[in-house]
K.L.:
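Encoded as structure tokens, here's the structure I'll be asking about.
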Amino acid sequence: MPSRELSDPPNGEASRDEHATEVMPPFSPHENLRIIKNVIILGFAFMVHFTAFHGTSNLQSSVNSDASLGTFTLAAIYGSLILSNIFLPAAVIRWLGCKWTIAFSFIAYMPFIASQFYPRAYTLLPAGLAVGFGGGPLWCAKCTYLTVVAESFTRFGGNREKTEVAVVRFFGLFFVFYQMAQVWGNLISSSVLSHLTGDSGGTSIAPNSSEHLRDVSAICGSNFCPSTVSAMENANLRPPEPRHIHILSGIFLGCMIAACLAVTFGVDSLTRYEKKRRGAAAGLSGFKLLAVTLRQLKERYQILLLPITAFIGAEQAFIAVDFTASFVACGWGISKIGYAMIFFGVANAVGSALAGALTKLTGRLPVLMGNLLLHTILIIWMQLWHPTPSAGFVYCTMAALWGLADGVWLVQVNALSGILFPGKEEAAFSNFRLWEATGSVVTYTLSPYLCSRTKLYILLVLMFVGMSGFASIEVMERKQKKNPPNEKAFELVAANDENEKI
């Protein structure tokens, strides 16, 4: 049987509404507009912040390629993110609140950009660790904020929209902004690098007998093996000059500062909508916080979500490191990485928006099955296609289709984590980030040692295993909904606590 939190309270829907009326403070008739304003500013701040982060991280495997330093820096980010998700989110959110957790977590990302001015192992790796430790509280606070304001949104102004629909719509709106970070970050990086290097188009490969350039179709794409290809064999893999990276890093550092200020002065504190509401981890500290996160693994639904969550982390790591290096950089040129990833960002935003709209029309399962088919076809195409220096349109199309699929995965699994575990958002979203980070760090760690063809096979298997778990949840949910009450209990935690005593 599903956990008690998935059931309605004994007194039914009317009882929950009466309880909500008692604890929710009075607001103006335009409160829903204020809630939407908060979501938009939050999304804008994340867009600006991750414009800098994505613009920098997408270049790591190519720019800091010596001894795979850039790839191992990304592994350090997601390795520390695993620990961060276990120990930090509930404690930091309880101490600072969601708004200030987001603002201070943004600051933790800034050393990563600053380290690009002097990229060494002893600067990049500690900066990567700082990003990971800031990332756990950041994403958990964001997810909790969106879920709580979506719940409040359905209680104001006679809004009769189901809370789970509002959650998906708010996550969709947020990710439209967030995924646009890929567009701006990569547009800035490619524009700056192309302008400074005088590379305005075409390909950087030219026949040169002294360098013995090999045919990119034989060494790039799914045939790419990091341990066997170097810049001596392929001129496309030569990194930009350090001063060009310094100019780019200065621009990105300014973006992160602006994002922090936007949250500080533009977003309302969650206490406005959280009167008498506390998370499941409230009042806990130390290893008890670890127990809250791990206790969530007793939930059957949480276990079933783990494979698809790990797949999301793995496929994001592949597009950021392996696709950019083995397809775009190897076959088209490092300065073109940003242009290809712009298509990824635009399609990612479109996928995020479509996920919410299509779910309202068809439900979750048809949307996810269509996404599974799309991603499967794309992976098979990548396995069979042979890159050429003049195939810029193909690189951009692949990036766009991957972005479309990733946008749907992100919105659906994020939203479902909030829908399935009302009142336990911190633990649920902490688990989401934990297992997403696990998928990413394993992919980053193995990246220097595996050929791209092998990585694509692994992704395909993990995706089908993950989708099987997701489909199992849908089947159990439909069986549960045949027996009334058939609606999720998005009650306040105070009401949850009363029910758990029964």
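Just so you know, residue 1 is the first one in the sequence shown, and it goes up from there.
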K.L.:
Could you give all pairs that pass the salt bridge (charged side-chain N to carboxylate O under 4.0 Å, His left out) test and reach residues 387-405, with sequence neighbours left out?
P.N.:
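For residues 387-405: none.
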
K.L.:
Quick one: side-chain contact (heavy atoms from CB on, under 4.5 Å) partners of P111, sequence neighbours excluded?
P.N.:
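By the side-chain contact (heavy atoms from CB on, under 4.5 Å) rule, P111 matches A127.
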
K.L.:
For F50, which residues count as a ring pair (Phe, Tyr, Trp, His ring centres under 6.0 Å) partner, sequence neighbours excluded?
P.N.:
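Result, ring pair (Phe, Tyr, Trp, His ring centres under 6.0 Å) vs F50: F46, F53, H54, Y109, W139, Y178.
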
K.L.:
What verdict does the side-chain hydrogen bond (donor to acceptor under 3.5 Å, both in side chains) test give for K336 and S190, after you've listed the backbone C-alpha separation in whole Å, the side-chain angles of each residue and the deciding distance to 0.1 Å?
P.N.:
CA-CA 6 Å; K336 305 300 192 303; S190 281; over 6 Å; no

K.L.:
For P307, which residues count as a side-chain contact (heavy atoms from CB on, under 4.5 Å) partner, sequence neighbours excluded?
P.N.:
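Testing P307 for side-chain contact (heavy atoms from CB on, under 4.5 Å), a comparison that skips the adjacent residues, returns V465.
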
K.L.:
Run the ring pair (Phe, Tyr, Trp, His ring centres under 6.0 Å) test against H246 and tell me which residues pass, sequence neighbours left out.
P.N.:
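Result, ring pair (Phe, Tyr, Trp, His ring centres under 6.0 Å) vs H246: F117.
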
K.L.:
Which heavy atom of T324 sits nearest a heavy atom of I319, and at what distance?
P.N.:
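Closest pair (atom of T324, atom of I319, distance): CG2-O, 3.3 Å.
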
K.L.:
For residues 340-351, run the donor-acceptor check on the side chains, cut-off 3.5 Å, and write out each pair with its distance to 0.1 Å, sequence neighbours left out.
P.N.:
unit_1: N348; atom_1: OD1; unit_2: Q179; atom_2: NE2; d: 3.0
unit_1: N348; atom_1: OD1; unit_2: G407; atom_2: N; d: 3.3
unit_1: N348; atom_1: ND2; unit_2: Q179; atom_2: OE1; d: 3.4
unit_1: N348; atom_1: ND2; unit_2: D406; atom_2: OD2; d: 2.9

K.L.:
Backbone N or O of K298 within a donor-acceptor pair of the Q302 side chain at under 3.5 Å?
P.N.:
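Between the backbone of K298 and the side chain of Q302 there is no qualifying donor-acceptor contact (under 3.5 Å).
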
K.L.:
Is a donor on one side and an acceptor on the other found under 3.5 Å between the side chain of T144 and the backbone of A141?
P.N.:
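Absent.
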
K.L.:
Name the atoms and distances for all side-chain donor-acceptor pairs under 3.5 Å in residues 367-380, with sequence neighbours left out.
P.N.:
unit_1: N371; atom_1: ND2; unit_2: A405; atom_2: O; d: 3.0
unit_1: H375; atom_1: ND1; unit_2: W409; atom_2: NE1; d: 3.1
unit_1: T376; atom_1: OG1; unit_2: L372; atom_2: O; d: 2.7

K.L.:
Any side chain to side chain donor-acceptor pair (under 3.5 Å) pairs touching residues 95-108, not counting sequence neighbours?
P.N.:
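Residue pairs passing side chain to side chain donor-acceptor pair (under 3.5 Å), neighbours aside: none found.
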
K.L.:
Just how far is it from atom CZ of F72 to atom OG of S447, taken to the nearest 0.5 Å?
P.N.:
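Going from CZ on F72 over to OG on S447, the span is 8.5 Å.
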
K.L.:
With a 6.0 Å cut-off on ring centres, are Y395 and W385 close enough?
P.N.:
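Under 6.0 Å, so yes.
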
K.L.:
At their closest point, which heavy atom of A76 faces which heavy atom of L129, and how far apart are they?
P.N.:
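Scanning both residues, the minimum pair turns out to be O-CD2, 3.7 Å.
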
K.L.:
Decide side-chain contact (heavy atoms from CB on, under 4.5 Å) for N64 and T73; before the verdict, give the C-alpha distance in whole Å, the side-chain angles of both, and the deciding distance to 0.1 Å.
P.N.:
CA-CA 9 Å; N64 295 316; T73 299; over 6 Å; no

K.L.:
Does any donor atom in the side chain of S115 or T123 lie under 3.5 Å from an acceptor atom in the other side chain?
P.N.:
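Absent: no donor and acceptor within the cut-off.
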
K.L.:
Is there a donor in the side chain of Q412 and an acceptor in the side chain of T359, or the other way round, less than 3.5 Å apart?
P.N.:
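Yes, a side-chain donor-acceptor pair sits under 3.5 Å.
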
K.L.:
Holding to ring pair (Phe, Tyr, Trp, His ring centres under 6.0 Å), I want the full list of residues that pass it with F323, two or more places apart in sequence or in another chain.
P.N.:
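With sequence neighbours excluded, F323 shows a ring pair (Phe, Tyr, Trp, His ring centres under 6.0 Å) to F327, given in chain and number order.
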
K.L.:
With sequence neighbours excluded, what pairs up with T443 under the side-chain contact (heavy atoms from CB on, under 4.5 Å) test?
P.N.:
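Listed in chain order: A314, A317, D322.
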
K.L.:
The criterion is ring pair (Phe, Tyr, Trp, His ring centres under 6.0 Å); which residues satisfy it with F318, sequence neighbours excluded?
P.N.:
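With sequence neighbours excluded, F318 shows a ring pair (Phe, Tyr, Trp, His ring centres under 6.0 Å) to W402, given in chain and number order.
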
K.L.:
Using every non-hydrogen atom in the two residues, find where P89 and S84 come nearest and quote the distance to one decimal.
P.N.:
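Reported closest heavy-atom pair: CD-O, 2.8 Å.
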
K.L.:
Can you sort out the partners of A121 under side-chain contact (heavy atoms from CB on, under 4.5 Å), two or more places apart, ordered by chain and number?
P.N.:
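Checked A121 against side-chain contact (heavy atoms from CB on, under 4.5 Å); matches are L69, L125.
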
